[in-house]
Engineer: 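Dumping the structure here so I can ask a few things about it.
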Amino acid sequence: MIPVKKAVIPVAGLGTRFLPATKAMPKEMLPLIDRPIISYVVLEAIRSGIEDIILITGRGKRAIEDYFDDSPELEMHLRNAGNQRALQTIQEISSLADIHYVRQKEPLGLGDAVLRSEKHVGNEPFAVLLGDDIIIHNTPCTRQLMDVYSHYQSSVIAVETVPSEKISSYGIINGRKIDDTISCLLDIIEKPNPADAPSSIGAIGRYIFTPAIFDSLKQTGRGIGGEIQLTDAIKALCSSEPVYAYSFSGKRYDTGDKIGYLKAIIDFSLRDAEIRDDLLEYLSRISLS
Ligand code: UTP
């Protein structure tokens with residue numbers, strides 16, 4: 001069995017839900033306290049055992065490359081100022097992993113973004129992590145999927161139950177249950193009307209694919225919203241080889257959505273020993289006024 005060693009992280013979307021902020025900065029660089037969202041996604045991949053990361057970038061995403069790059073001038077400044085703590089943090093970021101960048105010339109959709117990675121991924125299974133989904137658990141979500149992959153040696157997508165008012169924002173699955181956490185995928189529909197949805201279980205931003213997904217993507221035309229949808233390629237894939245849906249363990253934040261982003265900031269602040277008490281004190285005061 002070829003192990004999963006590569007991860008593709010698409011970050012080339014326009015982030016229209018965060019305009020006007022995303023006019024000048026990538027939504028993946030929005031901070032959760034003092035670290036950008038994308039850093040948590042990259043860390044999840046590394047903690048899962050991924051050795052090679054491919055970021056699919058686009059126009060206006062330069063700040064992401066700068067974030068993971070060396071910064072000799074800043075390092076020199078921190079060294080001269082004797083700020084060892086900040087220096088160490090900065091150096092850790094640039095030595096995190098082997099990161100490669102592939103450009104998606106136009107934001108034609110998530111499916112097109114994943115297809116851009118084909119040359120770099122080659123004929124191997126690989127992980128896909130969406131650059132705006134953060135999942136917190138002791139066993140990283142990607143690692144959980146890799147374990148399922150090791151067992152079935154088939155593509156596997158992470159899913160969770162979504163509230164009825166959000167069904168039309170997700171790829172919704174129809175599956176044959178194998179056990180409490182795993183189903184064999186029978187169908188997946190991108191952004192269905194709630195009345196037509198086969199279930200309330202939606203695909204979230206974590207996947208492991210066999211390289212067969214690339215052929216499915218090449219045969220996938222433009223779908224909903226005029227974009228090449230990854231969901232449509234998964235639908236085609238599951239008619240030619242088994243694809244599994246896995247109910248992951250962990251708490252997920254959809255930081256591409258305003259309320260999801262705010263929830264992540266609050267929860268991350270409450271987990272931060274340096275700011276937790278001050279935040280709680282502040283919140284208790286505003287709730288009284
Ligand atoms: P989203 O639809 O959540 O991101 O795509 P978006 O298009 O940037 O945001 P909105 O909806 O306009 O606010 C999911 C992921 O796929 C990437 C995005 O960067 C995000 O991580 N993506 C999307 C691409 O890389 N390329 C695309 O053409 C579309």
Side-chain angles (χ1 to χ4, degrees), residues 7-30 32 36-45 53-65 67-68 99-118 120-121 126-135 141-142 157-160 162 166-172 188-192 202-207 209 213-214 217-218 220-234 252-264:
V8 174
I9 306 182
V11 293
L14 296 176
T16 53
R17 283 168 289 173
F18 274 92
L19 281 170
T22 44
K23 186 166 175 267
M25 79 181 288
K27 69 172 176 184
E28 298 80 6
M29 286 303 292
L30 290 170
L32 289 177
I37 290 164
I38 186 65
S39 68
Y40 293 94
V41 180
V42 167
L43 264 184
E44 179 189 318
I53 293 177
I54 303 129
L55 283 178
I56 312 296
T57 67
R59 212 163 287 132
K61 301 283 176 165
R62 197 52 201 261
I64 299 178
E65 294 184 41
Y67 180 77
F68 290 108
I99 301 185
H100 303 270
Y101 298 90
V102 173
R103 187 111 169 162
Q104 184 190 23
K105 287 190 182 142
E106 268 185 84
L108 296 177
L110 176 58
D112 179 71
V114 172
L115 185 54
R116 298 296 118 224
S117 71
E118 183 182 17
H120 196 100
V121 168
F126 64 104
V128 173
L129 294 82
L130 297 196
D132 51 7
D133 252 354
I134 294 183
I135 299 159
C141 183
T142 300
I157 67 174
V159 295
E160 74 178 3
V162 299
K166 291 271 180 182
I167 282 181
S168 56
S169 307
Y170 283 80
I172 300 292
I188 181 163
I189 303 169
E190 182 66 14
K191 300 185 172 69
I204 59 109
R206 297 292 184 272
Y207 317 78
F209 290 118
I213 191 72
F214 293 125
L217 282 166
K218 283 176 209 161
T220 300
R222 292 188 185 225
I224 204 158
E227 295 191 343
I228 297 171
Q229 297 288 351
L230 181 60
T231 302
D232 294 341
I234 298 172
R252 166 176 170 259
Y253 300 92
D254 175 7
T255 65
D257 176 72
K258 283 179 193 163
I259 193 69
Y261 176 60
L262 286 175
K263 283 179 185 170

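Because only heavy atoms are used, hydrogens play no part in the values below, and waters and symmetry mates are left out as well, while side chains stay in. The chain is numbered in sequence order, starting from 1. Counting starts at 1 for both ligands and their atoms, in listed order.
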Engineer: Atom CG of Asp133 and atom CD1 of Ile9: how far apart are they, to the nearest 0.5 Å?
Structural biologist: 12.0 Å

Engineer: Below 3.5 angstrom, do we get any N/O pair linking Leu130 and ligand 1?
Structural biologist: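 Looking only at distances, the answer is no, because the N/O contact criterion of under 3.5 Å is not met.
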
Engineer: Considering only protein heavy atoms, which is closest to atom 8 (O) of ligand 1, and at what distance to one decimal place?
Structural biologist: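 Scanning the protein heavy atoms, the shortest distance from atom 8 (O) of ligand 1 goes to Gly15 N, 2.9 Å.
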
Engineer: Quick one: OH on Tyr207 to OG1 on Thr142, what's the gap to the nearest 0.5 Å?
Structural biologist: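 Nearest 0.5 Å value for the OH-OG1 distance: 11.5 Å.
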
Engineer: Roughly how far apart are Arg206 CZ and Glu160 CD, rounded to 0.5 Å?
Structural biologist: 11.0 Å

Engineer: Quick one, Tyr40 and Ile135 - any side-chain contact, counting heavy atoms below 4.5 Å?
Structural biologist: no

Engineer: With rounding to the nearest 0.5 angstrom, report the CZ to OG1 distance, Arg116 to Thr57.
Structural biologist: 12.5 Å

Engineer: Quick check on atom 5 (O) of ligand 1 - does any protein heavy atom sit closer than 4.0 Å to it?
Structural biologist: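 Within 4.0 Å: no protein heavy atom nearby.
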
Engineer: Ligand 1 versus Leu108, non-hydrogen atoms closer than 4.0 Å: side chain, backbone, both, neither?
Structural biologist: backbone

Engineer: Starting from atom 22 (N) of ligand 1, find the nearest protein heavy-atom neighbour and note its residue, name and distance.
Structural biologist: Gly13 N, 3.5 Å

Engineer: Would you indicate whether Lys218, at its atom NZ, is surrounded by more than 12 heavy atoms from other residues, nucleotides or ligands within a distance under 6.0 Å?
Structural biologist: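 Buried by this count: over 12 neighbours within 6.0 Å.
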
Engineer: Is there a heavy atom of Lys27 sitting under 4.0 angstrom from any atom of ligand 1?
Structural biologist: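 The answer is yes, since Lys27 has a heavy atom less than 4.0 Å from ligand 1.
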
Engineer: Could you measure the distance from the CD1 atom of Ile204 to the CG atom of Leu129? Nearest 0.5 Å is fine.
Structural biologist: 9.0 Å

Engineer: N/O of Ile56 under 3.5 Å from N/O of ligand 1, yes or no?
Structural biologist: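 No, no N or O pair falls under 3.5 Å.
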
Engineer: Among all protein heavy atoms, pick the one closest to atom 3 (O) of ligand 1 and tell me residue, atom and distance.
Structural biologist: Arg17 NH2, 3.1 Å

Engineer: Between Val11 and Gly131, what is the shortest heavy-atom contact and its length?
Structural biologist: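 Where Val11 meets Gly131 most closely, the heavy atoms are CG1-CA, 4.1 Å.
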
Engineer: State the atoms of ligand 1, each with its element, that fall below the 4.0 Å cut-off from a heavy-atom position in Gly131.
Structural biologist: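 In order of numbering, the contacting atoms are 21 (O).
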
Engineer: Can you tell me which residue and heavy atom of the protein come closest to atom 16 (O) of ligand 1, and the distance to 0.1 Å?
Structural biologist: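 Protein heavy atom at minimum distance: Leu110 CD1, 3.5 Å.
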
Engineer: Test of understanding: with side-chain hydrogen bond (donor to acceptor under 3.5 Å, both in side chains), list the residues that count as partners of Thr231, not counting sequence neighbours.
Structural biologist: Glu190

Engineer: For atom 21 (O) of ligand 1, find the nearest protein heavy atom and state the residue, atom name and distance (0.1 Å precision).
Structural biologist: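 The answer is Pro10 O, 3.0 Å.
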
Engineer: Sequence neighbours excluded and cut-off under 3.5 Å, please list the side-chain donor-acceptor pairs for residues 15-26, or say none.
Structural biologist:
from: Arg17; atom 1: NE; to: Gly256; atom 2: O; distance (Å): 3.4
from: Thr22; atom 1: OG1; to: Gly15; atom 2: O; distance (Å): 2.8
from: Thr22; atom 1: OG1; to: Phe18; atom 2: O; distance (Å): 3.3
from: Thr22; atom 1: OG1; to: Leu19; atom 2: N; distance (Å): 3.2

Engineer: Just need the protein heavy atom nearest to atom 28 (O) of ligand 1, so name the residue and atom and give the distance.
Structural biologist: Gly109 N, 2.7 Å

Engineer: Just go through Leu230, Leu19, Ile37, Thr16 and tell me whose heavy atom is the nearest to atom 10 (P) of ligand 1.
Structural biologist: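 Comparing heavy atoms across Leu230, Leu19, Ile37, Thr16, the nearest one to atom 10 (P) of ligand 1 lies in Thr16.
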
Engineer: Between ligand 1 and Val11, can you find any atom pair, the residue atom being a heavy atom, that is separated by under 4.0 Å?
Structural biologist: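 Heavy atoms of Val11 do come under 4.0 Å of ligand 1.
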
Engineer: How close does the nearest protein non-hydrogen atom get to atom 25 (O) of ligand 1, and which residue and atom is it?
Structural biologist: Ala12 N, 2.9 Å

Engineer: Heavy atom of Glu227 under 4.0 Å from ligand 1?
Structural biologist: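 Per 4.0 Å heavy-atom rule, Glu227 does not contact ligand 1.
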
Engineer: Kindly compute the distance separating CG (Leu115) from CG (Leu108), expressed to the nearest 0.5 Å.
Structural biologist: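 If I round to the nearest 0.5 Å, the distance is 10.5 Å.
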
Engineer: Show which atoms of ligand 1 fall inside a sub-4.0 Å distance from at least one heavy-atom site of Ala113.
Structural biologist: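 With Ala113 as reference, the close atoms of ligand 1 come out as 24 (C), 25 (O), 26 (N).
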
Engineer: Does only the side chain of Pro107 get under 4.0 Å from ligand 1, or the backbone, or both, or neither? Count heavy atoms.
Structural biologist: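 For Pro107, the contact with ligand 1 is made by both the backbone and the side chain.
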
Engineer: I need the nearest protein heavy-atom contact for atom 26 (N) of ligand 1: residue, atom name and distance, please.
Structural biologist: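 Heavy-atom neighbour on the protein nearest atom 26 (N) of ligand 1: Gln104 OE1, 2.8 Å.
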
Engineer: Test of understanding: given a 4.0 Å heavy-atom threshold, classify the contact between Glu28 and ligand 1 as side chain, backbone, both, or neither.
Structural biologist: side chain

Engineer: Does Arg62 CZ have over 12 foreign heavy atoms under 6.0 Å away?
Structural biologist: no

